[in-house]
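First comes the structure, then the notes that go with it.
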Amino acid sequence: MSAQHRTTVPGTQGSLARSRPRYGEFLVKAVLLTAAMVSVATTIGIVIALLEPTVEFFATVSIGEFFGSTDWGPLFNPPAFGVWPLIVATVEITLIAVVVAVPLGLAAAIYLSEYASRRTRKIFKPVLEVLAGVPTVVFGFFALTFVTPLLRYLFPFLDLEAKNALAAGLLVGVMIIPIVASLSEDSMAAVPNGLREGSYALGASKMLTSVRVVVPAAFSGIVAAIILAISRAAGETMIVAIAGGFKSVFTLYPGNEMSTMAAFIAQAGSGDASVGSIAYKTIFAVGSLLFVITFAMNYLSARMVQKYREVYD
Amino acid sequence: MAILSTPRSAVQLASKGRPLKEHLFRIALMASLAIALAFLAMLLLYVVEKGWPRLNSMLWENQPSIRRPETSGIQSGILGTLWIIALTAVMALPTGILAAIYLEEYADKTKWYNRLIELNISNLAAVPSIVYGILGLGIIARWLQFGFTVMTGAVTISLLVLPIVIISAREAIRAVPPSIREGSLALGATQWQTIYRQVLPASIPGIATGSILALSRAIGEAAPFLMLGAATLVRFNPEGVWSSFTVLPLQIYSFISRPQEEFSVLASAAIVILLAILLLMNSVAIWLRNRYQKRW
Amino acid sequence: GGDAKPSSDGSTSSAAPATEAGAALSGEVKIDGSSTVAPLTQAASELFGEEQPQVKVPVGTSGTGGGFEKFCAGETDISNASRAIKDEEKAACEAKGITFTELTVATDALTVVVPKENDWATCLTTDQLKKIWEPAAEGKIKTWKDVDAKFPAEALKLYGPGTDSGTFDYFTDEINGEEGASRKDYSPSENDNDIVTGVSGAKGGLGYFGFTYFEENADKLKAVEIDSGSGCVAPSVEAAQGGKYTPLSRPLFIYPSTAAAKRPEVAAFLDYYASNINAIAKDAKFVPLNAEQEAKLKADITSLKSAG
Amino acid sequence: MPNVNVRGPEVPRTIEALDPVFTVSNLSVFYGDYEAVRGVDMTIGNREITAMIGPSGCGKSTVLRCFNRMNDLIPGARAVGEILYHDENLYGDHVDPIEVRRRIGMVFQKPNPFPKSIYDNIAYGPRVNGIKGNMDEIVEEALTKAALWDEVKDKIKQNALSLSGGQQQRLCIARAIAVKPDVILMDEPCSALDPIATTKIEDLMQELTRDYTIVIVTHNMQQAARVSDRTAFFTAEVDGAGVRHGRLVEFDETSRIFTNPTDKRTEDYITGRFG
Amino acid sequence: MPNVNVRGPEVPRTIEALDPVFTVSNLSVFYGDYEAVRGVDMTIGNREITAMIGPSGCGKSTVLRCFNRMNDLIPGARAVGEILYHDENLYGDHVDPIEVRRRIGMVFQKPNPFPKSIYDNIAYGPRVNGIKGNMDEIVEEALTKAALWDEVKDKIKQNALSLSGGQQQRLCIARAIAVKPDVILMDEPCSALDPIATTKIEDLMQELTRDYTIVIVTHNMQQAARVSDRTAFFTAEVDGAGVRHGRLVEFDETSRIFTNPTDKRTEDYITGRFG
Ligand SMILES: Nc1ncnc2c1ncn2[C@@H]1O[C@H](COP(=O)(O)OP(=O)(O)OP(=O)(O)O)[C@@H](O)[C@H]1O
Ligand SMILES: Nc1ncnc2c1ncn2[C@@H]1O[C@H](COP(=O)(O)OP(=O)(O)OP(=O)(O)O)[C@@H](O)[C@H]1O
Ligand SMILES: [Mg+2]
Ligand SMILES: [Mg+2]
Ligand SMILES: O=P([O-])([O-])[O-]
């Protein structure tokens, strides 16, 4: 019986060498690498699409004017290129969104990760996914036609304009709740159970264990989730275009209509600026700014996640 | 010292009024989740209530009309959206899954270029969709001269969802325990055999779930199409990849820009259809997840 | 091509027999441009679709300037415009070798609106409008009282079309004396509905847009009469047609490209447009052309089709 | 009963008197419908070390976790029978499991320090229990008792994860001591450690029985023989329906279990004939 | 050298002649910069069972995984020194690790059947290796050799995950056998199993040495004593810089190691004085 396999095992040189060439393995690897490179090509494409007009823009408009003035109106006559009104609007709407989404999202995450039964989690996580999938035009429509009138009715003293940063920011916040909740829940779930048991074994309650052990241990994951949510909020277009408006005036009051960077791009980009005109290049300059901001924030978040992974490995 | 307190009376193990605070905390947590979901419920109720009069077969049988909003339909938008979804599935899913396989199974994490690809993908996931619109406009429509066609829209949306597909496919592949790979390799299987015959079959449900969720993000996008300047009144269905087209979200955007109340009702009805497609896709994802969830 | 197989010759395209039949056309007529003119062209498109269901006529609303941008890049066949083409746009078209004809298809009375509850601004002079809208007004003219001491100190909330639009160009040109010169602290929107909601929701609101939109929302808004020096004139079909509503009555145009007009489906669409112009205008609730204008439109189309 | 000292001459003690801290009667533990452990009777003596040994899956951890109601945290887990803790029913209605865990500390198989500083790890228990007093003193006392103070006193603010495995485990013991518990439960506390670290922990356990009652689960018979006063030997038995249940086979003084077991299965296990 | 039979009378064999399958000389294994195992010399005899024992972390698994180049799969892992397999350098340039793994099978600690049918689990190896022949026969033969055929022959198309732990482990052995390897490496193959299943696997190993060379890592000394012909005892030593390296302490016939070890450390370990 053993004769059968002994025949294949003469201890001769080369018997362990490759019995047949495996070009297929190389081919497969090449195809896979190519697929992975598509994402790099995308980034390069974005950079190319943005870079040339942006460089040309700054050949005409000085960086000093762009970042040094609060007067914005590149399509007016005479044009004005101080980008601060857009930045302020973007920051303000993002802030409102974060104020809404972080407490709610984090609390929902703690509930799902630490309190909810497996059954409950199995029901609510998909429901949160639905919320994450609701098209942003729908949120915008809801903000414009339901939330703003409701807020105007409930709080007349706020003196809300028909389009305003408050309602837009609120709904952007609702939009990013699932991002905060789901990613934070993931990182809380990744906290080793041993830490929880360690805390319970010391007589800590569930609340203390959640707040003092689980959340700090998942902290960098949570921060990464929040940063990703912030970059989604900062770049959100349809909600702010529909419910936040396009008025590009430097204002801090969230009851006013204001234009974010993304809203400006949508407005000007779907409009009439002729290719090559300074107004057209402005779209790309603002696009570059938005790209750089979100890219930088996400780079930070990626670093966070990496650091966080190192802790338990 | 511990010994001094050794004999203990019954009351000592009783609770010391902790539950109230505990309960409040728990209620606050549940309330947060409830508020988030209440928004969803309110939104659904609002659009269903408002769109109710127009939720009839005219909606999908008729083409949009600005002359007769009360009988206008959204057929071109539904079909445009379906075209975009189908093409995106064909382009983004294979690319994304292959890239995920590369990153999980082949890439040597110590090599700078692999780290670059990874970082790049996570960064792309955060790039605003309007910026993808600029990419579509500048590179695909104008530079590649694809024009304002279904193809341009689909390529743009494919690039937009690609990072999401890759990230979720990686998640699914990573969930296949290393012991399965080791088992296969220890039998003399090559790496590709191991991937193709063990890893992929085991991770298909997870990949499918992630892909469906990525596509459901794709169907809701309007901003890139806005940049691409797709026509708002399209009264014909796309006939091919080089055809003009519109998509539901853009149609909704154009309806809510109209002064007549009938268009607002029509927009609500169209939103209900869009959300129905979304819910259907999510349900398939959930079903897949529950049906094929692996217990190792 | 199926040239290898003789049998496939006769049946290559299903469109071929249709063209022979003469009546049924196919193809696509790409139109973009002014959102003011769009309802008119879209009505034409819809009605034309009942006669020629195989011809696709997508109508975009990128604004007059955006429309010309695409038109002069050769991306569209016809451009809607709520103002005449500018010299630099002409130059862009020439650079691409695109020639065109300007066709007047309707008249518009640019309407300044205030909410119904506004009982002080019944008639405004063009000087007052300028005082409200000129760039110098930005941050200074904040209440109605700043416009005229007789007016109440109600906060002025301004709404208007975005800078993309021909309406904006036209209004700023006529009122402020220079195209594109405007205060920036108003709420701009390509979406006229936003102007309706905005103005009707604020007691001190004021906005301007095409007459059609006003008529649609006459229950919520009040049109201001305009005094350009010869008395107050209310916007109306007749006033606009008769040239009395100055300076805000304006012609609306479509610009077909000469090359496109040679294509049978484009020619058929233009013919249809011209022959049914008043029915279309009525359907789309626009001010129709008078007989003279209508005759000119038809003549222009005829000469366009026969042009070199 | 012979007066045997199995822990070496440095801690001469007799174990004649059994002053019970826990009295377990007819304890069965269920996970959902599955009866993981069936009908256990045993007593844990005050300031003794009791070892629980037996093959994998026989329910040692399950029983141990009943002693401080850690099993409450597992959905579907349920203890039937009675555990008296100083004459008080541990599963009584009025009993607060959080209070129970404060009295009955636990140390786990894998060292699980919180990702915080050494100081904060120790201070955590007293803080969540609202223990007042000089926290620096509490920390120093706990670390000293756990024989770790000298090694870490200069880096008390460093992250606990930077310690070695053995140091981490002693930190976890110190953390348990800091809330001044009555009993310390240990579930295979050395199985993730190297031999040198293991020796240190074993020495520490000997030290700690001056003040504390210790129950230890171990898969290492040598360890049980070295450190414990009494040993409970568990095994898994297959019932008529083919389902495995953990059973307590023999419970006696350690010397007796290892030299003269009553049950054949114990003997087989001890002599390495199975397991 | 005494002629000792430690495997019981049913398999009477002497182990005088050492016909080497593997000859390991001065093997060190690195994970990145960390030298996990240092300077190992040993030989694995044909159709013998060689056991590797020692405390946790001493590098048993690391050395075992060198034998079929499974360590290649760990980024940064690197073997220095020489392993001859039938006089051929296992780490030679021309050697194809995939071919190596076909010849030298492996069974892991935790049974890891593929989530497929029992049949497909067994057929997988022959299929990926392009082995022709009647697959049904191959499957039956492998399952029979692994002493599993009778238990599963009626449910061969059922998912392998529905088998019990012990059955799953025998399935994994059958799976390894199906590609007709020369050597079978086993890394703690019973540590996830109950005693009954363990006994079955041990019996199976005895059976298999008629045809195969077996190398087994176990943390269970009794198991090593029961089943193996030769035993390698590893331990971890701390070098001057405080870094721990795995070392081979003693390698000899099992009877000798367990009755009369040369090295003090071996003796301490065997007698339970540490570990
Ligand atoms: N959370 C759980 N849910 C269901 N069954 C469980 C759970 N925990 C343990 N079991 C089962 O209960 C039985 C006893 O498990 P336990 O962990 O107490 O064994 P053990 O003696 O500690 O084993 P080991 O030495 O491997 O730690 C086992 O059959 C195990 O599979
Ligand atoms: N992938 C790896 N990367 C880095 N170090 C590793 C890796 N695998 C093992 N080591 C280290 O190498 C040393 C030997 O590990 P190995 O797994 O071979 O020990 P072992 O004797 O099998 O222990 P056990 O009985 O716990 O399985 C240990 O210090 C371990 O931490
Ligand atoms: Mg256990
Ligand atoms: Mg090991
Ligand atoms: O859309 P417009 O007519 O204002 O250009």
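Heavy-atom basis, side chains included; hydrogens, waters and symmetry copies ignored.
Of the listed residues L162(B), I252(B), L37(B), the one with more heavy-atom pairs under 4.5 angstrom with chain A than any other is L37(B). When each of V134(A), T136(A), I177(A), L171(A) is scored by its heavy-atom pairs under 4.5 Å with chain B, the top score falls to V134(A). The residue among S216(B), A36(B), G138(B) with the most heavy atom pairs within less than 4.5 Å of chain A is A36(B). The candidate from P128(B), S122(B), G220(B) with the greatest count of non-hydrogen atom pairs under 4.5 Å with chain A is P128(B). Chosen from I110(A), L131(A), L290(A), the residue pairing most often with chain B at heavy-atom distances under 4.5 Å is L131(A).
S264(B) meets the side-chain contact (heavy atoms from CB on, under 4.5 Å) test with F141(A), K50(B), E261(B); sequence neighbours excluded.
To the nearest 0.5 Å, atom CG of residue L40(B) and atom CZ of residue F142(A) are 9.5 Å apart. Atoms CG and OG1, from L33(B) and T120(A) in turn, are 10.0 Å apart once rounded to the nearest 0.5 Å. Note that the CD1 atom of I286(B) and the NZ atom of K125(A) stand 12.0 Å from one another [nearest 0.5 Å]. Taking CG of L106(A) as the start and CG of L29(B) as the end, the distance is 9.5 Å to the nearest 0.5 Å.
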### Query
Yes or no on side chain to side chain contact (heavy atoms under 4.5 Å, CB included) for I283(A) and M227(B), after CA distance, side-chain angles and deciding distance?
CA-CA 11 Å; I283(A) 300 169; M227(B) 269 323 270; 4.2 Å; yes
### Query
Can you check side chain to side chain contact (heavy atoms under 4.5 Å, CB included) on L144(A) and I256(B), steps first, answer last?
CA-CA 10 Å; L144(A) 180 71; I256(B) 59 184; 5.7 Å; no
### Task
Dump the intermediate steps for side chain to side chain contact (heavy atoms under 4.5 Å, CB included) on Y132(B) and T42(A), then the final yes or no.
CA-CA 9 Å; Y132(B) 282 94; T42(A) 307; 3.9 Å; yes
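The parts of L43(B) that come within reach of chain A are both its backbone and its side chain, each placing non-hydrogen atoms under 4.5 angstrom from that chain. For P163(B), no part sits under 4.5 Å from any heavy atom of chain A, backbone or side chain. Of the two parts of M281(B), neither the backbone nor the side chain holds a non-hydrogen atom closer than 4.5 Å to a non-hydrogen atom of chain A. In this structure, chain B has heavy atoms under 4.5 Å from both the backbone and the side chain of V127(A). For L228(A), the part lying under 4.5 angstrom from a heavy atom of chain B is the side chain only. With a 4.5 Å cut-off on non-hydrogen atoms, S288(A) does not touch chain B at all. Contacts between V211(A) and chain B at a heavy-atom distance below 4.5 Å involve the side chain alone, from C-beta outward. Looking at I227(A), there are no atoms closer than 4.5 Å to chain B (heavy atoms on both sides), in backbone or side chain. L50(A) touches chain B through its side chain: at least one heavy atom from C-beta onward sits under 4.5 Å away, while N, CA, C and O do not. For I265(A), the parts lying near chain B are the backbone and the side chain together; criterion is any non-hydrogen pair under 4.5 Å. Both the backbone and the side chain of V40(A) come within less than 4.5 Å of a heavy atom of chain B. Contact of I140(B) with chain A is not made at all, since no heavy-atom distance falls under 4.5 Å.
Using a 4.5 Å heavy-atom threshold, the side chains of Y111(A) and F25(B) count as separate. Residues I130(B) and E236(A) are not in side-chain contact: their nearest non-hydrogen atoms beyond the backbone lie 4.5 Å or more apart. The side-chain heavy atoms of F291(A) and I134(B), taken from C-beta on, include no pair separated by under 4.5 Å. Looking only at side-chain heavy atoms (C-beta outward), L159(B) and V38(A) come within less than 4.5 Å of each other. Within the 4.5 Å cutoff, the side chain of T43(A) has no heavy atoms near those of the N123(B) side chain. The closest side-chain heavy-atom distance from I117(B) to S39(A) is below 4.5 Å. Annotation: side chain of V28(A) is not in contact with side chain of Q191(B) (no heavy-atom distance under 4.5 Å). Using a 4.5 Å cut-off on side-chain heavy atoms (C-beta onward), L135(B) and I48(A) make no contact.
Side-chain atoms of E25(A) come within 3.5 Å of backbone atoms of W192(B) as a donor-acceptor pair (strictly under, hydrogens ignored).
Against chain A, the residues from residues 101-109 of chain B that qualify, each with a non-hydrogen atom under 4.5 angstrom away, are I101(B), Y102(B), Y106(B) in number order.
A pairwise comparison of heavy atoms in P135(A) and L275(B) identifies CD-CD2, 3.8 Å as the closest pair. Contact between G133(A) and L278(B) at its shortest, heavy atoms only, is O-CD1, 3.3 Å. Of all heavy-atom pairs spanning R289(B) and P126(A), the tightest one is NH2-CG, 4.0 Å. The two residues L208(A) and E22(B) have their closest heavy-atom pair at N-OE2, 4.5 Å. The two residues S32(B) and A108(A) come nearest to each other via the heavy atoms CB-N, 4.2 Å. When every heavy atom of M207(A) is checked against every heavy atom of K21(B), the shortest pair comes out as CE-CE, 3.7 Å.
Note: F146(A) and Y46(B) have tilted aromatic rings, judged against thresholds of 30 and 60 degrees for the angle between ring planes.
Residue-environment remark: CE (M42(B)) exceeds the threshold of 12 foreign heavy atoms within 6.0 Å. When the shell of 6.0 Å around CZ of F263(B) is examined, it contains more than 12 heavy atoms from other residues, nucleotides or ligands.
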